[in-house]
Engineer: 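Structure provided below as structure tokens; questions to follow.
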Amino acid sequence: MDLMLAAVGWIGAALLLAGYALVSTSRLSGDGMPYQVVNLVGAVALMVNSAYNAAWPSAGLNLVWAVIGVAALVKLARVGVAR
């Protein structure tokens with residue numbers, strides 16, 4: 001279980017970094033659905049890993065990050081944006 005949750009954490013970190021890099025290099029739109037999905041999945045993965053390791057400040061940060069991602073996805077779905 002420890003190894004699996006460590007892998008989840010590393011995958012989450014990689015997703016967040018990849019999303020940031022892709023937006024920073026203009027390969028992905030920061031206001032599009034793909035970026036928000038990458039951010040949401042990455043945040044949830046890091047949140048799970050952080051909570052498992054009792055790293056509560058990091059878990060809390062990633063919870064907020066995930067909530068922001070969900071709110072952004074809901075907004076995009078309402079306006080019908082499929083970027």
Engineer: Carefully, step by step, assess N62 and V44 under the rule side-chain contact (heavy atoms from CB on, under 4.5 Å).
Structural biologist: CA-CA 7 Å; N62 284 292; V44 169; over 6 Å; no
Engineer: For a quick test of reading the model, state the closest non-hydrogen atom pair linking G30 to Q36 and the distance between them.
Structural biologist: O-NE2, 3.3 Å
Engineer: Can you list, by chain and residue number, the hydrophobic cluster partners of L3 when the side-chain cut-off is 4.5 Å?
Structural biologist: none
Engineer: Answer with yes or no whether the hydrophobic clustering places V70 together with L61; edges join I, L, V, M, F, W, Y residues whose side-chain heavy atoms lie under 4.5 Å apart.
Structural biologist: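 They do not share one cluster, since no chain of ILVMFWY contacts under 4.5 Å joins V70 to L61.
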Engineer: Find out if a path of hydrophobic residues (ILVMFWY) with successive side-chain heavy-atom gaps under 4.5 Å connects V48 to W10.
Structural biologist: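 No, no single cluster joins them.
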Engineer: For A14, enumerate each residue passing the side chain to side chain contact (heavy atoms under 4.5 Å, CB included) test, keeping only those at least two apart in sequence or located in another chain.
Structural biologist: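 Residues passing side chain to side chain contact (heavy atoms under 4.5 Å, CB included) with A14: none at all.
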Engineer: Can a side-chain donor-acceptor contact be found between N39 and Y35 if the only test is distance below 3.5 angstrom?
Structural biologist: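 Looking only at side-chain atoms, N39 and Y35 do form a donor-acceptor pair, the distance falling under 3.5 Å.
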Engineer: Within the side chain of N49, is there an N or O that forms a donor-acceptor pair under 3.5 Å with the backbone of V8?
Structural biologist: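 No: the side chain of N49 does not pair with the backbone of V8.
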Engineer: Within this structure, what is the OG-CG distance for the pair S24 and L17, rounded to the nearest 0.5 Å?
Structural biologist: 10.5 Å
Engineer: Taking side chain to side chain contact (heavy atoms under 4.5 Å, CB included) as the test, write out the residues that go with V64, two or more places apart.
Structural biologist: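 Per chain and number, V64 pairs via side chain to side chain contact (heavy atoms under 4.5 Å, CB included) with I68.
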Engineer: Among Ile, Leu, Val, Met, Phe, Trp and Tyr joined by side-chain contacts under 4.5 Å, find the other residues sharing a cluster with L16 and list them by chain and number.
Structural biologist: L46, W65
Engineer: Look up atom CE in M33 and atom NZ in K75, then write down how far apart they are to the nearest 0.5 Å.
Structural biologist: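 Atom-to-atom, M33:CE and K75:NZ are 12.0 Å apart.
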Engineer: Within the 4.5 Å heavy-atom criterion, are P34 and L28 side-chain neighbours or not?
Structural biologist: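 Heavy-atom side-chain distance check passes, below 4.5 Å.
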Engineer: Taking side chain to side chain contact (heavy atoms under 4.5 Å, CB included) as the test, write out the residues that go with A55, two or more places apart.
Structural biologist: S50, S58
Engineer: According to side chain to side chain contact (heavy atoms under 4.5 Å, CB included), who are the partners of I11, at least two apart in sequence or on a separate chain?
Structural biologist: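 With sequence neighbours excluded, I11 shows a side chain to side chain contact (heavy atoms under 4.5 Å, CB included) to L15, given in chain and number order.
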Engineer: Would you name the heavy atoms of A59 and A51 that are closest together and state the gap between them?
Structural biologist: CB-N, 3.9 Å
Engineer: Taking only residues two or more places apart in sequence or in another chain, which ones pass side-chain hydrogen bond (donor to acceptor under 3.5 Å, both in side chains) with Y52?
Structural biologist: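 Y52: side-chain hydrogen bond (donor to acceptor under 3.5 Å, both in side chains) contacts with D2.
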Engineer: To the closest 0.5 Å, what do you measure between CE (M47) and CG (L40)?
Structural biologist: 8.5 Å
